[in-house]
Amino acid sequence: MAGRPREFDRAEALAKARDAFWSRGYEGVSMSDLVSALGLASARIYAAFGSKEHLFREAIALYEASEGGFASIALDADTDVRTAMASMLRDAAALYTRPDKPRGCMVVAAATNCSLENEDVLKWLASHRRSRTQSIIKRLRRAAAQGELKHGTDTEILGDHIAAVLHGLSVQARDGVSRKRLLALIEPALAALHAAYVPRQPVAMAPGNA
């Protein structure tokens, strides 16, 4: 009589799947690759995660909640808008070139081209990228409302530009461009933001509180 299958750590298995998809993309990872990476039989993978696509979607959620959460942290921080955008891009360059992780952004690189049968995956990831662009535009609009940007600044165009830089960092990193070079392009890439920026005015102290 066969013994019971050994228990496995679901979170650990998901992290291994994330790294496989991050490295080789959705279509580049077969079920046999997942069996090898996770050390589990395909039947157990299906039982735990439902399907390859469901596993991939969970892996993306894990990425966005962990390593890939850097952008949300930078945009939500209580800092001026220039600091927020620069921090986001610097953190991106650091993550995308980590020696212990696949290069680039998982959301950008994992499914840019797919066969027709996987078109839903492609569209789903595209929606994630558009959502990131909108979060950047939203942060710029907040800055404009608070007087941090010159009147008339087109926050949508500026946000599209910064999002293009963010996603471009991923492509460059995947192509082997060094972290030093990626970091060096951030300041020139933010020139339009610097030109539109209005420094915060210091809060005047009431008489007698000096």
Side-chain angles (χ1 to χ4, degrees), residues 15 18 22 59-110 125-175 177-210:
R18 174 204 57 197
W22 189 354
I60 289 290
L62 175 61
Y63 171 81
E64 292 182 325
S66 52
E67 291 92 347
F70 69 87
S72 294
I73 292 172
L75 295 175
D76 292 342
D78 185 21
T79 61
D80 65 85
V81 69
R82 289 197 308 177
T83 299
M85 297 300 167
S87 295
M88 178 183 68
L89 296 179
R90 284 196 301 268
D91 290 346
L95 171 62
Y96 299 165
T97 55
R98 274 178 54 173
D100 62 328
K101 291 295 180 184
R103 294 181 72 92
C105 172
M106 185 179 181
V107 176
V108 171
L125 275 188
S127 73
H128 280 243
R129 293 190 292 272
R130 289 193 298 271
S131 178
R132 173 54 63 215
T133 299
Q134 284 304 121
S135 70
I136 293 170
I137 293 171
K138 181 179 178 181
R139 179 65 182 85
L140 291 168
R141 286 175 175 165
R142 189 177 80 187
Q146 294 174 340
E148 281 191 289
L149 297 177
K150 293 177 181 177
H151 180 71
T153 297
D154 192 321
T155 52
E156 184 171 64
I157 290 177
L158 185 55
D160 284 341
H161 165 71
I162 294 172
V165 174
L166 175 64
H167 296 153
L169 289 173
S170 173
V171 176
Q172 292 287 79
R174 293 283 283 198
D175 287 346
V177 176
S178 69
R179 180 181 299 182
K180 181 179 179 181
R181 286 176 59 189
L182 296 182
L183 289 171
L185 69 79
I186 291 173
E187 282 304 302
L190 291 178
L193 175 60
H194 295 327
Y197 181 69
V198 178
R200 289 180 175 179
Q201 297 300 316
V203 178
M205 298 183 67
N209 290 339

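Here, residue 1 is the first one in the sequence, and each next residue gets the next number.
- Nearest heavy-atom pair, Leu183 versus Ala93, reported as atom, atom and distance to 0.1 Å: CD2-CB, 3.8 Å.
- A donor-acceptor contact shorter than 3.5 Å is absent between the side chain of Lys150 and the backbone of Ala144.
- Considering every non-hydrogen atom in both Arg98 and Asp100, the closest pair reads NH2-OD2, 2.7 Å.
- The distance from atom CG of Asp78 to atom OG1 of Thr83, rounded to the nearest 0.5 Å, is 11.0 Å.
- Interatomic distance, OH of Tyr63 versus CZ of Arg18, reported as 9.5 Å (0.5 Å rounding).
- Closest heavy-atom contact between Leu158 and Ala192: CD1-CB, 3.9 Å.
- His128 meets the ring-ring contact (aromatic ring centres under 6.0 Å, His included) test with Trp124; sequence neighbours excluded.
- A donor-acceptor contact closer than 3.5 angstrom links the side chains of Ser72 and Arg132.
- The shortest side-chain heavy-atom distance between Leu166 and Ile136 falls under the 4.5 Å cut-off.
- Paired with Val81 under the rule side chain to side chain contact (heavy atoms under 4.5 Å, CB included), one option of Leu149, Val198, Leu75 passes, and it is Leu149.
- Side-chain contact between Thr153 and Leu140 is absent, with no heavy atoms from C-beta onward closer than 4.5 Å.
- Interatomic distance, Glu67 CD to Lys101 NZ, rounded to the nearest 0.5 Å: 5.0 Å.
- Side chains of Arg174 and Val171 form no contact here, defined as non-hydrogen atoms less than 4.5 Å apart.
- The two atoms that bring Phe70 and Asp91 nearest to each other are CD1-CB, 3.7 Å, heavy atoms only.
- At least one donor-acceptor pair closer than 3.5 Å links the side chain of Thr133 to the backbone N or O of Arg129.
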Only pairs under 3.5 Å count here: list side-chain donor-acceptor contacts from residues 103-110, not counting sequence neighbours, and write none if there are none.
residue	atom	partner	partner atom	Å
Arg103	NE	Ala173	O	2.6
Arg103	NH2	Ala173	O	3.4
Arg103	NH2	Val177	O	2.7

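- In this structure, the separation between CG on Leu95 and CG on Leu169 is 11.0 Å, given to the nearest 0.5 Å.
- One distance of note links CE of Met85 with OG1 of Thr79; it measures 9.0 Å at 0.5 Å rounding.
- Minimum interatomic distance between Ala189 and His161 (heavy atoms only, all atoms of both residues): O-NE2, 2.7 Å.
- In this structure, CG on Leu193 lies 11.5 Å from OG1 on Thr155, to the nearest 0.5 angstrom.
- For the pair Arg142 and Glu148, the salt-bridge criterion is not met [side-chain N within less than 4.0 Å of a carboxylate O].
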Side chain to side chain contact (heavy atoms under 4.5 Å, CB included) between Asp160 and Ile137, worked out: CA-CA 7 Å; Asp160 284 341; Ile137 293 171; 3.9 Å; yes

